[in-house]
Amino acid sequence: MNLSEREYCVMDELYFVIPYSKLVDLVPELAPKLKSTLCDLMEKGYVVQLQFNGIDFLKYETPNIEEIEKHAYLCTKTGLFAHNSY
């Protein structure tokens, strides 16, 4: 359960569902690497990608990398454990 400092900072904001645009506002210093960091975190199973359907958020089983900026993100239980063990 090893996290980079960049991954830790991103996950620090994902205890609740956060849209990509809001995440950029919350961690502007990480904006240039945010897409790759989210991809790494999703690959590790620490973060899930969500899409709002007008009523609720639906979880993507396989991340949609091409449209990463259009979705919201949330830490998984495993991700929370890794974050809290940092």
> Roughly how far, to the nearest 0.5 Å, is CG of L34 from CZ of R6?
9.5 Å
> Within the 4.5 Å heavy-atom criterion, are L30 and V10 side-chain neighbours or not?
yes
> Could you grab the distance from atom OH of Y46 to atom CG of L80, nearest 0.5 Å is fine?
11.5 Å
> Could I get the full list of side chain to side chain donor-acceptor pair (under 3.5 Å) partners for K35, not counting sequence neighbours?
E69
> Treating K44 as the side-chain partner and N2 as the backbone partner, does any N or O pair qualify as donor plus acceptor under 3.5 Å?
yes
> Can you measure from CD (E7) to CG (L38) and round to the nearest 0.5 angstrom?
10.0 Å
> Can you list everything that forms a side chain to side chain donor-acceptor pair (under 3.5 Å) with Y86? Sequence neighbours excluded, please.
none
> State the NZ-SG distance between K33 and C9, to the nearest 0.5 angstrom.
14.5 Å
> Do the side chains of Y8 and L23 join up, straight or via other hydrophobic residues, at under 4.5 Å, putting them in one cluster?
yes
> Out of curiosity, M11 CE to L3 CG, how far, rounded to the nearest 0.5 Å?
5.5 Å
> If you count the non-hydrogen atoms of other residues, nucleotides and ligands that lie under 6.0 Å from CD in E43, is the total more than 12?
no
> Please list all pairs meeting side chain to side chain donor-acceptor pair (under 3.5 Å) that have one or both residues in residues 11-25, counting only residues at least two apart or in different chains.
D12-H83, Y15-H83, Y15-N84
> About how many Å separate CD of Q49 and OH of Y73, when rounded to the nearest 0.5 Å?
4.0 Å
> Treating Ile, Leu, Val, Met, Phe, Trp and Tyr as nodes and any side-chain heavy-atom pair under 4.5 angstrom as an edge, say whether L58 and I18 lie in one connected cluster.
no
> Which pair of non-hydrogen atoms, one from L74 and one from V17, has the smallest distance, and what is that distance?
CD1-N, 3.6 Å
> Which residue, T76, I68, V48, forms the side-chain contact (heavy atoms from CB on, under 4.5 Å) with M42?
I68
> How close do N64 and Y60 get, heavy atom to heavy atom, and via which atoms?
CB-CE2, 3.8 Å
> Please name the pair of heavy atoms, one in G45 and one in T78, separated by the smallest distance, quoted to 0.1 Å.
O-CB, 4.2 Å
> Applying the 4.5 Å side-chain criterion to the ILVMFWY set and letting contacts propagate, would L41 and L26 be lumped into a single cluster?
yes
